[in-house]
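Note sheet for the following structure.
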Amino acid sequence: MQSRRWFGGAGFSFADDPVTETLSQAIRGTGEELDREPDTGVLFGSLRGSVVGLRYYTGVVNKGEMVSLVRQPQNPYDRNAVMVANVYGSQVGHIKRELAVLLANIMDNNLARVEGVVPFGVTNQFTMSVVLSFWGREENRDAVVRQITSRSFKLQSGPTGTHTHTHTLTQLKNAFDNLFENLMDDKIGEREAVEAVCTPLLPHQKQALSWMCACENNAALPHFWEVKGELFYNTLTHSSVRERPRRVRGGILADDMGLGKTLTTIALILSNFHHGKPLSSAWISECPVSELCLYMSLKNPEGKCVCSDISGACSSLTNVDSALSLSLSLALSRSGKSGDGDQAEVSVAPAGHSPFSPVEAASSQSTDDPAARATLIICPLSVLSNWLDQLDQHVRADVKLNVYLYYGSERNRDTHFLSSQHMVLTTYNVLSADYSGSASPLHTVRWLRVVLDEGHIIRNPNTQQSKAVLKLNTQRRWILTGTPIQNNLRDLWMLVAFLRLKPFDVREWWNRVIQRPVTQGDKTGLQNLQALVKCVTLRRTKTSRVCGRPLVSLPERSVRIEEVELTQKEREEYELARTEGRTTISRYVAEGTVLRNYADVLAILVRLRQFCCHPGLLGKTTTHTGVVAVTPAELRERLIMKLRLVLGTGSDEECAVCLDSVRLPVITHCAHVYCRPCIAEVIRSEQEQARCPLCRGQIKASELVEFPLEEEEEEESNLLENWRSSSKVEALMSSLLRLRSEDDSIRSLVVSQFTRFLTILEIPLREEGFKFVRLDGTMSQKRRAQVIQEFQSDAPGSPLIMLLSLKAGGVGINLSAASRVFLMDPAWNPAAEDQCVDRCHRLGQKRDVVITKFIVKGSVEENMVKIQRQKQDLVEKAFGTKNPSERKTSRVDEIRALMEL
DNA sequence: ACCGCCGGGTGCC
DNA sequence: ACCGCCGGGTGCC
């Protein structure tokens with residue numbers, strides 16, 4: 001599976017290689033000052049200095065130990081003070097005064113990052129040597145050298161570390177791509193779920209459960225640590241600590257979607273439910289089912305529906321059927337009964353299957369708060385209802401489990417109440433909203449376990465969500481993701497930080513020990529990374545095999561491309577637009593301003609792609625592209641209009657700050673689109689100097705232009721009255737009609753990136769009497785759940801067709817009722833297409849899945865496909881190593897290839 | 001004796 | 001610190 005983020009995976013990435021991530025990232029890559037913590041850079045050289053004040057340090061310093069240098073501008077004795085800290089940040093000593101002046105200067109002016117390695121360890125009680133190396137951007141080299149020599153220090157050139165074998169970029173890329181593959185250790189056993197789980201686990205789920213329990217209870221030393229005498233020694237940083245380093249209690253469950261991560265996690269929570277004690281039969285309540293699970297189960301102690309206002313969960317829960325069968329006492333009470341389980345007998349897990357004893361192992365971790373018992377599940381809103389459904393489905397009806405949905409304005413913020421639950425479910429948004437306020441309840445509770453569902457959501461450490469997640473207080477930590485990060489090493493850090501994989505949860509150690517070595521092709525760096533990932537991750541794909549047998553058997557899936565010929569009239573219109581676009585773009589190419597005018601370029605490309613689908617997609621705003629704007633204000637206005645056009649089609653844009661789909665989009669005066677909260681944060685933190693993350697143009701809060709999300713609608717009648725078909729519409733309709741005549745039980749997904757195209761398609765579908773539903777990004781959570789349920793239902797008269805916008809709803813939606821997929825327009829990002837297809841090609845699919853891609857012959861669509869193919873062959877473009885100017889060139893080349901210039 | 005020299009006290013920043 | 005530095009004690013050899 002791929003997990004890259006694209007600049008509008010639905011439409012606007014010009015690249016499709018694992019290297020150049022997105023257009024926005026590529027452009028961002030040209031201005032490295034954007035990286036607040038640049039993790040790359042060149043080595044300027046190193047010099048020997050001395051560390052004083054060692055007498056105040058009680059620890060040991062080893063030969064070769066890595067230390068970090070911390071500026072202390074507030075130091076009362078010297079405002080230039082530079083502290084030397086060990087791997088955990090504890091003070092080892094200080095840089096001697098004269099040298100500190102120099103370092104302070106370099107560090108405060110951001111001329112270089114300074115790293116320390118202790119060459120001999122401690123030789124006496126008072127001082128020791130340290131080798132300082134200076135890393136930074138090439139253009140700062142002179143300034144750094146000048147600083148150093150002017151203070152009569154001497155910079156030794158060249159790398160100080162030993163040379164290790166380096167990989168070629170291809171080897172590196174392959175190794176990195178495989179980071180998350182084959183992580184299944186055959187040695188892990190199987191573990192049965194406790195009886196409270198009423199769904200029998202599949203073998204691979206039992207393995208996952210066994211592995212997860214082992215991860216939570218294993219008291220062995222974490223990787224890279226060894227016992228050395230009285231101390232614990234880290235083999236990577238060469239540091240020793242007195243206190244036993246704790247193993248991560250948790251990990252990353254990165255199974256492909258559809259393999260049952262939710263079920264396995266539920267089984268984990270119930271099995272090893274508290275303090276190492278599984279949920280036993282004592283937990284199966286004496287309360288009659290009827291008392292537990294009627295409507296009241298949806299209410300909080302004040303008697304209000306806990307999920308009344310927005311929740312998509314509500315749609316499934318307020319449904320009487322599911323409420324009746326819901327066996328969970330959601331937020332029932334805070335009365336003492338809930339404590340019973342603490343005294344419950346250890347039971348259920350069949351002896352012999354599990355290689356460890358949960359109780360003993362867990363209790364050996366002495367610093368845990370024994371009172372912690374609640375598991376906090378954080379997920380995107382779109383899958384909240386899935387958790388509730390799954391609990392409903394998989395937990396035995398007579399088990400009394402306190403599950404609280406922490407969502408909505410009426411949510412109960414009482415921390416004692418929350419702590420007393422068995423499970424609390426919430427969303428990333430609620431978490432970060434709480435976090436930004438004062439005294440966040442979720443951050444006050446001492447959790448037993450925190451589970452991040454769709455954990456790749458927090459791959460960017462700069463977002464509020466990520467910061468909020470890192471601050472949670474919990475003993476055990478899990479990340480569930482079906483799309484582990486593949487292409488960007490930096491994304492991995494966030495996962496490592498959440499898991500508190502010491503010392504890599506601190507950026508500097510991650511950068512020095514893992515990220516920089518790996519990106520520079522260092523073999524040991526890569527080995528270390530592989531080991532690191534391997535010891536915390538379990539990943540199986542749909543094609544994984546256990547003992548030669550497939551994990552799960554899925555029906556076949558085949559793709560066929562159907563070429564569409566334009567009619568004479570369509571061809572003429574298309575060619576006109578194409579010629580116009582070429583003129584404009586070739587001018588930009590000649591001027592070398594393609595990237596500066598990219599809003600314009602995007603608009604031209606999207607227009608051509610719309611022509612390929614249906615002329616009705618173009619909207620009325622588009623007039624001409626050839627006219628040269630006179631004033632800068634006019635130019636800006638025009639660019640803004642174009643972006644409105646682009647966004648208005650329903651295409652998905654990526655915010656360059658959070659790397660997610662834009663929410664609450666705003667447009668800067670330089671015509672770049674961001675989430676309002678994201679860009680507001682940039683402006684707040686950079687104040688007057690705030691610059692556009694994409695083009696480095698000045699930005700001001702007052703100049704942000706709102707983007708109106710919905711405007712159209714009225715024109716559906718307009719479309720109907722002046723109805724005109726298109727070649728692509730006809731191609732689809734004839735396929736659908738043929739299919740219906742052959743087998744009217746087959747259901748289809750009709751997928752487009754352009755929501756308006758979906759609207760257009762409704763007309764002929766209605767005309768031909770097809771029953772269909774529609775799912776797109778503008779729909780409320782509640783409505784989505786309804787639509788999915790309707791489509792999945794096998795009741796007579798349920799819809800045969802679902803109109804689906806490419807990225808609607810994100811991952812995790814189950815559309816297994818469909819076995820045909822029609823991809824109406826090519827996406828820049830094949831991963832987005834794959835994900836879309838995966839919604840029906842998943843567990844539960846009974847038929848072979850046939851995917852049809854419509855491509856207009858002799859059009860930009862063909863070129864898109866061609867470029868994608870070419871890129872897949874260009875393996876040597878390994879991640880992150882390409883320099884920005886090369887990237888820019890290839891980007892421009894792609895645009896030229898698309899326009900045949 | 002407004003110096004040099006000796007030796008004890010002292011010590012990160 | 002088996003140093004350097006400071007400041008008090010001391011004073012031909």
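Throughout, protein chains are lettered first and strands after them, A, B, ... in sequence-line order, and every chain is numbered starting at 1.
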>> From CG of A:Asn80 over to P of B:dC13, roughly how many Å is that when rounded to an integer?
In response: 12 Å
> Could you state the CZ-P distance from A:Arg97 to B:dG11, rounded to the nearest angstrom?
Replying inline: 15 Å
> Testing A:Arg477, A:Arg249, A:Arg476 for salt bridge (charged side-chain N to carboxylate O under 4.0 Å, His left out) with A:Glu216, which one passes?
Replying inline: A:Arg476
>> Checking base pairs now: Watson-Crick or wobble, both atom distances under 3.5 Å. What partners B:dG9?
In response: C:dC5
> Nearest-Å distance, CG (A:Asn124) to P (C:dC2)?
Replying inline: 10 Å
>> Please report the distance, rounded to the nearest Å, between CE in A:Met128 and P in B:dC13.
In response: 14 Å
> Can you tell me how far C1' of B:dC13 sits from CG of A:Asp78, to the nearest Å?
Replying inline: 6 Å
> Please give, in whole Å, the distance from C:dG4 P to A:Glu98 CD?
Replying inline: 13 Å
> Can you name the side-chain contact (heavy atoms from CB on, under 4.5 Å) partners of A:Arg48, sequence neighbours left out?
Replying inline: A:Pro119, A:Phe120, A:Ser129, A:Val131
> Which part of the nucleic acid does A:Ile95 contact within heavy-atom distance under 4.0 Å: base, sugar-phosphate only, or nothing?
Replying inline: sugar-phosphate
>> Work out how far the C1' atom of C:dC5 is from that of C:dA1, and round it to whole angstrom.
In response: 12 Å
>> According to a cutoff of under 5.5 Å between the ring centres and under 30° between the ring planes, does A:Phe126 stack with the base of C:dA1?
In response: yes
>> Could you tell me how far apart A:Lys96 (NZ) and B:dG11 (C1') are, to the nearest whole angstrom?
In response: 10 Å
>> Quick check, does A:Tyr56 stack with B:dC12? I mean ring centres under 5.5 Å and planes off by under 30°.
In response: yes
>> I want to verify the glycosidic state of C:dA1; is it syn or anti under the 90° rule?
In response: anti
> How close or far is atom C1' of B:dG11 from atom OH of A:Tyr77, stated in whole angstroms?
Replying inline: 13 Å
> Are any of A:Arg55's side-chain N or O atoms less than 4.0 Å away from OP1 or OP2 of B:dG11?
Replying inline: no
>> If the threshold is 4.0 Å, N to carboxylate O, is there a salt bridge linking A:Glu226 and A:Lys228?
In response: no
> Is the shortest distance from a Lys or Arg side-chain nitrogen in A:Glu115 or A:Arg516 to a carboxylate oxygen in the other one below 4.0 Å?
Replying inline: yes
>> Among residues at least two apart in sequence or on other chains, which ones pass ring-ring contact (aromatic ring centres under 6.0 Å, His included) with A:Trp447?
In response: none
> Hey, does A:Asn75 reach any base, or is it just sugar-phosphate, or nothing, if we go heavy atoms under 4.0 Å?
Replying inline: base
